[in-house]
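Counting starts at 1 for both ligands and their atoms, in listed order.
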Amino acid sequence: MWKYVAGTIVVGSVTYALIKYFAGGVCHCTTRLDGLVVVITGGNSGIGQALALELAQRDSLNNEFSEIYALVNNAGIFYHPQVLTQDGYEITLQTNYLGHFILTHHLLNLLKKSVHARIINVASEAHRNVNVYDLKAVTKCQSEFRSHFVAYGVSKLALVLFTKELSKKLLNTNVIVNAVNPGNVETNIYRNFPPLSNPWLYAIQWPLRCILIKSPRQGAQTLLHSLLTSNRSTGQYYSDCKLVLPSPIAANDKIAKEYYDLTLEVLAEWFTTESEC
Ligand SMILES: NC(=O)c1ccc[n+]([C@@H]2O[C@H](COP(=O)([O-])OP(=O)(O)OC[C@H]3O[C@@H](n4cnc5c(N)ncnc54)[C@H](OP(=O)(O)O)[C@@H]3O)[C@@H](O)[C@H]2O)c1
Ligand SMILES: *[C@@H]1O[C@H](CO)[C@@H](O)[C@H](O)[C@H]1NC(C)=O
């Protein structure tokens, strides 16, 4: 009998320890953002929604907003059926990267008005799985399609490189910009991904997912941390509420500069005046 009791305790403790481990870092910052505006793209679902709720708990509900404190470029898609958008861009690159590139430049003036402003680009470890060749090929020729994983990886590498180059352009301003990896989170982002959108396959994986995958609230912790931490280093990559190194490509200043310029070329019609950059 005692063997079963001991066995249950051991299995229970190990499972609990694993769940805690994979839940990742927790943001312990107590900073409040009373009266400050945070713009979050994709705030109606998943990590963006969890972040909005966490932030709302830290505001006194004072509605007299005076300045934009932060822009969180969070909206994103994964494994979307291959298609070009109305604007003629590859859909994953446009949603995850190009749209945020334009939005960020349009909001820069408002962000610069704030005392301390931050931009957070929600990236992913998937940025490590693609090379410069894929990055440039997909960006130059938007109809270029290699795989859903490449499309997603490229869009996230693009965001980390953008973070680096933009941080340099904003060096002597009040605005810092960082990239964040939320970790693996249970959200709607997998709605098009067959192993998870199929209810039977999903059911088989469910017990493991309970241990390995973060809830949206847990997934929002590193975003929250990068928004609230007093550490104002810029152009960096956060994962599990810590600063870590992104891939060597993403950390390369020369590639970041070249890629920023390539993006401007691809988006030329959206940037008619030089002053916007
Ligand atoms: N979940 C993960 O495991 C994971 C891992 C690494 C990185 N991320 C990143 O985390 C971010 C948030 O994703 P999530 O996991 O929270 O997924 P989600 O629940 O699917 O949320 C994605 C959000 O983006 C919005 N969105 C999608 N396409 C858009 C468009 N064309 N224009 C405007 N908004 C659009 C969605 O709005 P609708 O619902 O209205 O479409 C939704 O609010 C994404 O950038 C994702 O790449 C997630
Ligand atoms: C931020 O944290 C990193 C890592 O802990 C540290 O090396 C760096 O000096 C800090 N930067 C600032 C500006 O506080």
Side-chain angles (χ1 to χ4, degrees), residues 22-25 29 39-54 71-81 83-87 89-103 116 118-130 148-149 151-160 162-163 167 171 174 176-193 195-197 205 209 212-226 228-246:
F22 287 106
C29 308
V39 176
I40 305 172
T41 66
N44 66 326
S45 164
I47 301 166
Q49 186 183 50
L51 178 68
L53 291 173
E54 287 268 352
L71 166 65
V72 183
N73 290 322
N74 164 78
I77 52 173
F78 168 67
Y79 220 89
H80 192 283
V83 65
L84 289 186
T85 63
Q86 273 181 358
D87 304 308
Y89 299 115
E90 193 277 316
I91 190 158
T92 303
L93 195 73
Q94 173 167 336
T95 310
N96 297 5
Y97 172 59
L98 297 174
H100 287 133
F101 186 96
I102 296 173
L103 178 67
H116 296 295
R118 301 180 186 209
I119 300 165
I120 310 296
N121 292 320
V122 182
S124 160
E125 284 293 274
H127 85 269
R128 298 184 193 277
N129 304 337
V130 287
H148 292 294
F149 289 105
Y152 185 73
V154 158
S155 73
K156 294 301 180 179
L157 175 58
L159 275 174
V160 186
F162 175 44
T163 304
S167 74
L171 216 48
N174 57 330
I176 61 169
V177 49
N178 289 298
V180 170
N181 162 42
N184 294 318
V185 190
E186 193 75 53
T187 68
N188 289 330
I189 198 135
Y190 298 104
R191 72 188 107 186
N192 295 311
F193 185 49
L196 292 174
S197 55
Q205 302 168 52
R209 293 188 69 78
L212 301 179
I213 310 297
K214 298 180 184 183
S215 67
R217 188 161 182 231
Q218 291 165 341
Q221 294 302 305
T222 306
L223 279 72
L224 200 58
H225 179 76
S226 65
L228 302 179
T229 176
S230 57
N231 185 318
R232 287 192 56 83
S233 47
T234 182
Q236 308 294 314
Y237 182 75
Y238 281 93
S239 193
D240 264 336
C241 296
K242 289 189 299 282
L243 285 170
V244 301
L245 287 178

Inset, instruction - Verify, without hydrogens or angle tests, whether Asn121 (side chain) and Asn73 (backbone) share a donor-acceptor contact under 3.5 angstrom. - result: no

Inset, instruction - Return the protein residues near ligand 2 (heavy atom under 4.0 Å from any of its atoms), ordered by chain and residue number. - result: Asn231, Ser233, Leu243

Inset, instruction - Using modelled atom types only, decide if a donor and an acceptor are shared between the side chain of Thr163 and the backbone of Gly235 within a distance under 3.5 Å. - result: no

Inset, instruction - For the pair Thr41 (side chain) and Ala75 (backbone), establish whether a donor and an acceptor sit closer than 3.5 Å, ignoring hydrogens and angles. - result: yes

Inset, instruction - Answer yes if the side chains of Asn231 and Thr229 hold a donor-acceptor pair under 3.5 Å, and no otherwise. - result: no

Inset, instruction - Answer yes or no: is there a donor N or O on one side and an acceptor on the other, between the side chain of Arg191 and the main chain of Asn188, under 3.5 Å? - result: yes

Short N or O contacts of ligand 1 with protein, under 3.5 Å, listed by atom name?
| from | atom 1 | to | atom 2 | distance (Å) |
| --- | --- | --- | --- | --- |
| ligand 1 | 1 (N) | Val185 | O | 3.1 |
| ligand 1 | 1 (N) | Thr187 | OG1 | 3.3 |
| ligand 1 | 3 (O) | Val185 | N | 2.8 |
| ligand 1 | 3 (O) | Val185 | O | 3.3 |
| ligand 1 | 3 (O) | Tyr190 | OH | 2.7 |
| ligand 1 | 15 (O) | Thr187 | OG1 | 2.5 |
| ligand 1 | 16 (O) | Ile47 | N | 2.7 |
| ligand 1 | 17 (O) | Thr187 | OG1 | 3.3 |
| ligand 1 | 19 (O) | Ser45 | OG | 2.5 |
| ligand 1 | 19 (O) | Gly46 | N | 3.4 |
| ligand 1 | 19 (O) | Asn188 | N | 3.4 |
| ligand 1 | 20 (O) | Ile189 | N | 3.2 |
| ligand 1 | 20 (O) | Arg191 | NH2 | 3.4 |
| ligand 1 | 24 (O) | Gly76 | N | 3.2 |
| ligand 1 | 37 (O) | Asn44 | OD1 | 3.3 |
| ligand 1 | 40 (O) | Asn44 | ND2 | 3.2 |
| ligand 1 | 43 (O) | Gly42 | O | 3.2 |
| ligand 1 | 43 (O) | Asn44 | OD1 | 2.3 |
| ligand 1 | 45 (O) | Asn74 | O | 2.7 |
| ligand 1 | 45 (O) | Lys156 | NZ | 2.9 |
| ligand 1 | 47 (O) | Tyr152 | OH | 2.6 |
| ligand 1 | 47 (O) | Lys156 | NZ | 2.9 |

Legend entry - Cation-pi check, Arg118 onto Tyr238 ring (under 6.0 Å, within 45° of axis): no

Legend entry - Side-chain donor-acceptor contact under 3.5 Å, Asn178 with Ser226: no

Legend entry - Sidechain-backbone polar pair: Gln94 side chain, Ile91 backbone, donor-acceptor under 3.5 Å: no

Inset, instruction - Answer yes if the ring centres of His100 and Phe162 are under 6.0 angstrom apart, and no otherwise. - result: no

